[in-house]
Amino acid sequence: MSNAPAGAPAKSSHALPSYLNPDHLGPWGIYLQQVDRVTPYLGGLSRWVETLKRPKRALIVDVPIELDNGSMAHFEGYRVQHNTSRGPGKGGVRFHQDVTLSEVMALSAWMSVKNAAVNLPFGGAKGGIRVDPKTLSRGELERLTRRYTSEIGIIIGPNKDIPAPDVNTNEQIMAWMMDTYSMNEGATASGVVTGKPLALGGSLGRREATGRGVFTVGQEAAQHIGLDITQAKVAVQGFGNVGGIAAKLFAQAGATVVAVQDHGGTIYKASGLDVPALLRHVEEHGSVKGFEQASGPVETLPDAAFWAVDCDILIPAALEQQITAANADQIKARMVIEGANGPTTPEADDILHEKGILVVPDVIANAGGVTVSYFEWVQDFSSFFWTEDDINTRLVRILREAFAGIWQVAAEHRVSLRTATFIVACSRILQARELRGLYP
Ligand code: GLU
């Protein structure tokens with residue numbers, strides 16, 4: 001144990017490798033800046049803050065598969081356990097052509113913060129494979145998933161680290177992961193992943209949970225700033241499991257969804273898009289491109305124009321680093337609800353703050369998914385399954401309580417909701433760290 005005074009940076013025997021360097025501002029650099037912003041508020045616990053600045057464990061795996069044409073392909077996969085002070089690692093697995101170790105590290109760290117922010121008994125972890133899954137057949141995707149699961153099988157498990165869906169992964173992929181792990185263990189281990197199909201121990205309400213959480217937290221935030229949802233205009237980036245469901249719930253609550261952007265383009269209708277019809281269109285055609293509705297023409301906008309759309313609520317629900325210094329100035333919304341992980345850069349955060357736009361950060365706004373993952377994990381352990389009403393009621397209660405606590409901390413310290421969420425979460429993580437102490 002070091003005798004350094006509280007708050008003194010811990011000594012380290014090696015210079016940081018480039019992906020741990022805060023000057024290299026990818027997602028991991030952004031995360032490190034967020035930790036720096038919170039450190040002054042951690043009191044004596046800041047002595048342990050270095051713990052948060054490096055992942056506990058990071059595994060890089062080669063994932064070789066035989067393609068349908070008989071040739072061999074190799075993909076790079078990762079599983080990073082950022083922190084396990086409060087419980088087993090928990091976080092999704094993403095399949096995307098741009099996945100890097102540094103990105104997965106940041107995503108795993110944001111899981112630590114998110115899980116602690118809503119007080120789930122989990123640490124943070126994340127996984128990914130650098131692959132464009134759209135280029136693979138179903139058989140190739142299954143072989144890729146199974147080989148990846150087998151490779152990371154040495155560090156995952158129901159009490160060690162529990163993967164779940166993320167970008168481009170779904171219930172079927174979770175079923176293959178659960179089966180592969182179970183076959184290797186010689187026992188059915190349904191608690192090894194969440195987001196499974198219902199027939200394999202999945203939970204009611206899990207698929208909609210992230211979008212429902214975005215809506216619930218958005219409702220709470222709207223109330224605090226006196227924004228009437230029934231009069232609100234909403235713009236959504238990403239129309240998958242998160243953005244699509246959030247848009248549906250906002251529309252059901254009386255809001256007008258005026259703009260939606262996805263990989264197929266940007267569509268706009270001032271009087272409101274027909275969200276259920278748009279969901280059907282996306283299900284059938286894979287993107288918002290070509291959407292038409294009976295009530296009149298739908299405009300197509302250039303993608304860059306999305307950010308300047310006249311709206312009250314902006315929901316980035318796609319990938320990281322979408323709201324940047326280059327477009328934050330154009331945003332007209334009264335609040336931004338981060339459905340995606342890491343969609344706003346720190347410079348953009350500051351610009352939005354100066355403009356008086358409330359940012360509801362990812363680490364609370366999209367915590368609904370992992371909250372119902374927690375319910376799924378608990379249900380699997382007890383082999384007793386809850387009703388959807390039960391799940392949604394508990395989800396809403398947890399998110400509302402967490403949001404109220406964070407709002408109070410933000411008001412007390414006069415900081416952004418992001419810094420407030422980090423204060424709450426990092427204090428919980430580092431308190432557990434301190435209580436457990438250093439081994440040996
Ligand atoms: N991938 C989701 C997230 O980023 C859910 C993770 C989980 O359920 O473990 O929060």
Side-chain angles (χ1 to χ4, degrees), residues 27 31 78-84 86-96 99 103-129 152 156-171 173-174 177-178 190-197 201-214 216-217 238 240-243 245-246 316-320 337-343 360-380 391 395 398-399 402 421 425:
Y31 162 74
Y78 313 95
R79 185 73 189 171
V80 178
Q81 295 167 352
H82 172 259
N83 188 280
T84 56
R86 305 180 71 256
K90 182 88 193 84
V93 170
R94 106 173 15 184
F95 290 178
H96 195 275
V99 164
E103 181 195 24
V104 177
M105 281 164 49
L107 292 164
S108 71
W110 285 324
M111 286 310 305
S112 299
V113 175
K114 190 185 306 186
N115 291 331
V118 283
N119 218 354
L120 305 178
F122 290 133
K126 200 87 176 196
I129 306 181
I152 65 165
I156 64 169
N159 289 310
K160 291 161 94 177
D161 177 6
I162 306 111
D166 197 75
V167 174
N168 291 336
T169 53
N170 56 23
E171 292 179 359
I173 289 172
M174 294 306 115
M177 290 188 77
M178 176 271 200
S190 51
V192 68
V193 289
T194 58
K196 299 179 295 295
S203 177
L204 290 164
R206 174 63 187 85
R207 201 182 306 154
E208 302 78 25
T210 313
R212 187 173 295 282
V214 168
T216 303
V217 173
N241 193 36
V242 183
I245 302 291
L319 293 169
E320 299 97 69
I337 315 174
E338 295 185 336
N341 291 307
V360 186
D362 47 6
V363 280
I364 179 70
N366 71 30
V370 71
T371 302
V372 176
S373 274
Y374 165 58
F375 298 161
E376 179 173 334
W377 182 72
V378 169
Q379 291 170 85
D380 287 339
I391 284 156
L395 168 65
I398 287 181
L399 292 179
T421 312

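Counting starts at 1 for both ligands and their atoms, following the listed order. Hydrogens, waters and symmetry mates are skipped; everything else that's a heavy atom, side chains included, is used.
Looking only at protein heavy atoms, the nearest one to atom 6 (C) of ligand 1 is Gly92 N, 3.7 Å. In this structure, the protein non-hydrogen atom closest to atom 7 (C) of ligand 1 is Ala164 CB, 3.3 Å. Looking only at heavy atoms of the protein, atom 1 (N) of ligand 1 is closest to Asp166 OD1, 2.8 Å.
Remark: side-chain polar atoms of Thr421 are not paired, donor with acceptor, to backbone N or O of Val363 under 3.5 angstrom. In this structure a side-chain-to-backbone donor-acceptor pair under 3.5 Å is missing from Asn83 to Gly123. Put simply, the side chain of Glu338 never gets that close to the backbone of Ala365: no donor and acceptor are under 3.5 Å apart. With hydrogens and angles disregarded, no donor-acceptor distance shorter than 3.5 Å links the side chain of Lys90 to the backbone of Asn115. Looking only at distances, a side-chain donor or acceptor of Asp362 sits under 3.5 Å from a matching main-chain atom of Gly342.
Residue contacts with ligand 1: Arg206 is included, with a non-hydrogen atom under 4.0 Å away.
Distances below 4.0 Å separate heavy atoms of Gly91 from the following atoms of ligand 1: 9 (O). For ligand 1 and Met111, the ligand atoms under 4.0 Å from any heavy atom of the residue are 3 (C), 4 (O), 6 (C), 10 (O). Against a heavy-atom cut-off of under 4.0 Å, Ser373 is close to the following atoms of ligand 1: 7 (C), 8 (O), 9 (O).
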_Using the rule given for side-chain hydrogen bond (donor to acceptor under 3.5 Å, both in side chains), can you reason through Thr169 versus Arg94, listing the C-alpha separation, both sets of side-chain angles and the distance that settles it, and then say yes or no?_
CA-CA 6 Å; Thr169 53; Arg94 106 173 15 184; over 6 Å; no

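For Thr210, no heavy-atom contact with ligand 1 is shorter than 4.0 Å. Of the heavy atoms in Arg94, none comes closer than 4.0 Å to ligand 1. Contacts between Pro165 and ligand 1, counted as non-hydrogen atom pairs separated by less than 4.0 Å, involve the backbone only.
For the residues Lys90, Glu376, Lys114, the heavy atom positioned nearest atom 9 (O) of ligand 1 is part of Lys90.
By the 4.5 Å heavy-atom criterion applied to side chains, Arg212 and Leu399 are not counted as neighbours. Arg207 has its side chain out of reach of Pro165: every pair of non-hydrogen atoms, C-beta onward, lies at least 4.5 Å apart.
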